[in-house]
Amino acid sequence: MQKYIRSAFILVAIALLLVGCNGANSGNTQNTPTPALVPVNGFGSAANHVHSLLALPQQVLVLATHYGIFRSQDNGASWKEVAGGPNQIMEGLMSYSLVISPLNPQRLFVLTQPSIEQHTGIPGLYTSDDQGKTWKLSVTAASISSRYIYTAAAGNDSPDEVYIYLSELGALGLRRSLDDGVHFSSTGKLPFDLIFGILPLSDAPGHLLVYGSSGMASSSDGGIHWQVITSINGGVEDVVTARPHSPIYASGDAGVYVSFDEGKTFKLVYSQASFSSLAVSPQQMNVIYGKTGTATYRSSDGGRTWTMLPHINGNLAVLATEPTNASEVYLSLSYPTALYRLNADGKGWTSLTPPA
């Protein structure tokens with residue numbers, strides 16, 4: 001699977017997600033022309049692709065794509081574009097890094113950048129107080145970054161706390177806001193020049209994990225001071241946990257790790273492969289789903305063994321577990337955007353993609 005090679009090139013892959021989506025992100029003066037978008041399904045044209053997916057309680061699904069945010073409140077039976085479409089907030093913007101507050105299930109954050117040349121939406125950080133039904137602009141990207149905001153994470157001190165990372169600033173790029181992203185302040189210097197993600201632990205205010213190609217580090221004071229986690233070898237691609245005081249899973253160069261002590265130490269439990277993304281069930285914390293570029297897998301024993309799930313054709317994008325049933329998981333596809341739910345018996349997938 002070329003685990004060690006993949007981590008070395010993951011920075012290029014993430015950069016292509018943003019820079020490739022929009023030439024303006026790289027400082028190129030030639031903006032992406034507005035394409036002729038012919039719908040192939042209810043999520044838009046064949047060029048649409050998925051950046052983030054949330055599966056929330058009470059059958060709510062929120063999908064952040066290159067051409068809009070789509071929301072379902074009936075487990076995918078019907079969908080509504082709530083942002084990014086014509087005459088909507090975020091018109092002409094792509095949405096990415098969609099996250100939910102661990103302290104308020106109604107509070108969502110999302111980052112945006114232009115997806116087309118002729119856009120009326122203002123790039124920046126947006127906030128929702130109703131699980132993505134409506135959105136408001138918290139801060140413009142131009143006011144805090146000369147390029148783009150790399151990633152975001154909802155904080156664990158209060159529902160109004162949010163972290164962002166400005167990759168152009170390297171180890172000094174982590175920022176913290178206590179007012180829904182309206183104002184940001186600097187944190188301490190990171191131990192790495194680049195991070196891929198931020199994971200605030202909901203059971204411990206101020207406790208953060210950051211990870212990237214150089215490994216993982218922990219902070220107990222909101223990012224002021226950092227300690228590298230030495231039990232991780234090599235790069236880390238994704239880190240997830242289900243709820244407070246539950247195992248923390250990480251996938252990286254060496255394989256799959258688990259921590260049972262709030263991220264102080266990690267143990268390698270699977271070394272045969274690694275996954276580009278993970279999703280863990282909040283109902284059964286030993287049930288984990290993993291994704292590679294071509295297949296999806298499930299572990300029922302905390303990552304120690306894995307079983308391949310039924311094959312599905314397409315460009316695999318993002319996984320999200322069903323909040324009330326550990327046997328079900330959602331899988332989004334890109335080019336074009338599509339969404340599927342794994343059947344409870346694990347023998348096939350049900351399409352949740354709306355018709356054109």
Side-chain angles (χ1 to χ4, degrees), residues 10-32 51-52 64-67 69 83-84 89-99 101 107-128 135-155 160-200 208 210-214 217 219 222-224 226:
I10 195 168
L11 171 58
V12 176
I14 295 178
L16 287 174
L17 171 66
L18 298 178
V19 177
C21 283
N22 173 30
N25 289 337
S26 63
N28 192 332
T29 57
Q30 295 180 344
N31 290 333
T32 303
H51 294 156
S52 304
T65 77
H66 192 75
Y67 295 118
I69 297 178
I89 193 171
M90 308 183 208
E91 180 178 0
L93 303 180
M94 71 172 185
S95 51
Y96 63 100
S97 199
L98 172 68
V99 294
S101 168
R107 180 70 52 79
L108 307 184
F109 299 95
V110 73
L111 297 175
T112 61
Q113 278 293 309
S115 60
I116 58 176
E117 182 178 21
Q118 298 175 0
H119 61 89
T120 60
I122 302 173
L125 172 70
Y126 286 78
T127 306
S128 173
W135 295 88
K136 64 180 180 181
L137 178 64
S138 290
V139 66
T140 66
S143 67
I144 54 177
S145 172
S146 62
R147 296 182 64 200
Y148 53 79
I149 307 171
Y150 194 71
T151 191
D160 302 325
E161 184 184 42
V162 60
Y163 291 87
I164 60 172
Y165 177 62
L166 309 176
S167 59
E168 64 197 82
L169 299 181
L172 300 176
L174 188 63
R175 297 288 187 268
R176 179 192 186 205
S177 171
L178 296 175
D179 56 7
D180 282 339
V182 178
H183 304 93
F184 280 91
S185 59
S186 299
T187 62
K189 183 179 180 180
L190 294 166
F192 311 130
D193 290 332
L194 174 75
I195 60 172
F196 299 156
I198 312 158
L199 179 65
L208 312 176
V210 296
Y211 54 93
S213 60
S214 298
S219 172
I224 303 301
W226 294 93

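In what follows, residues are counted from 1 in the order of the sequence shown.
- Proximity of a side-chain donor or acceptor of His51 to a complementary backbone N or O of Ser95 within less than 3.5 Å is detected.
- Evaluation of the ring-ring contact (aromatic ring centres under 6.0 Å, His included) test over residues 162-191, restricted to residues two or more places apart or in two chains, returns Tyr150-Tyr165.
- Considering only heavy atoms from C-beta on, Leu194 comes within 4.5 Å of Ser167 through its side chain.
- Considering only residues two or more places apart in sequence or on other chains, Ser97 meets the side-chain hydrogen bond (donor to acceptor under 3.5 Å, both in side chains) condition with Thr151.
- Rounding to the nearest 0.5 Å places CE of Met90 at 8.5 Å from CG of Leu137.
- Taken from CG in Leu108 to OG1 in Thr127, the straight-line distance is 9.0 Å, to the nearest 0.5 Å.
- Pairing each heavy atom of Gly212 with each of Phe196, the nearest pair is CA-CD1, 3.5 Å.
- The two residues Arg176 and Leu178 make their nearest non-hydrogen contact at NH2-CD2, 3.5 Å.
- With hydrogens and angles ignored, the 3.5 Å screen pairs no side-chain donor or acceptor of Ser138 with any backbone N or O of Gly181.
- Judged as a side-chain hydrogen bond (donor to acceptor under 3.5 Å, both in side chains), and not counting sequence neighbours, Ser101 has no contacts.
- Every residue two or more places apart in sequence or in another chain that forms a side-chain contact (heavy atoms from CB on, under 4.5 Å) with Ala153 is listed here: Ile198, Pro200.
- The ring pair (Phe, Tyr, Trp, His ring centres under 6.0 Å) check on Phe109 picks up nothing, with sequence neighbours excluded.
- What you find for Ile164 and Ala152 is that their closest heavy atoms are CG2-CB, 4.1 Å.
- Remark: Ser219 engages Asp221 in a side-chain hydrogen bond (donor to acceptor under 3.5 Å, both in side chains) (not counting sequence neighbours).
- In summary, of the residues considered (Ile89, Val139, Ile69), a side-chain contact (heavy atoms from CB on, under 4.5 Å) with Tyr126 occurs for Ile89 alone.
- Separation of atoms CD (Glu91) and CD1 (Ile122) is listed at 12.0 Å; rounding is to 0.5 Å.
- Of all heavy-atom pairs spanning Trp226 and Gly188, the tightest one is NE1-O, 4.0 Å.
- Distance check: Tyr148 OH to Leu166 CG gives 10.5 Å after rounding to the nearest 0.5 Å.
- Heavy atoms only, all atoms of each residue included: Ser177 and Asp180 are closest at OG-N, 3.9 Å.
- Residue-environment remark: CG (Asp193) stays at or below the threshold of 12 foreign heavy atoms within 6.0 Å.
- Applying the side-chain hydrogen bond (donor to acceptor under 3.5 Å, both in side chains) criterion to Ser185, with sequence neighbours excluded, gives no partner residue.
- Nearest heavy-atom pair across Pro123 and Thr112 is CA-OG1, 3.5 Å.
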Distance-only check: which donor-acceptor pairs under 3.5 Å involve side-chain atoms of residues 168-175, not counting sequence neighbours?
from: Glu168; atom 1: OE1; to: Ser145; atom 2: OG; distance (Å): 2.6
from: Glu168; atom 1: OE1; to: Arg147; atom 2: N; distance (Å): 3.3
from: Glu168; atom 1: OE2; to: Ser146; atom 2: N; distance (Å): 3.4
from: Glu168; atom 1: OE2; to: Ser146; atom 2: OG; distance (Å): 2.4
from: Arg175; atom 1: NH1; to: Leu172; atom 2: O; distance (Å): 2.7
from: Arg175; atom 1: NH1; to: Ser186; atom 2: OG; distance (Å): 3.4

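- For the pair Ile149/Gln113, no side-chain contact is recorded, criterion being any heavy-atom separation below 4.5 Å from C-beta on.
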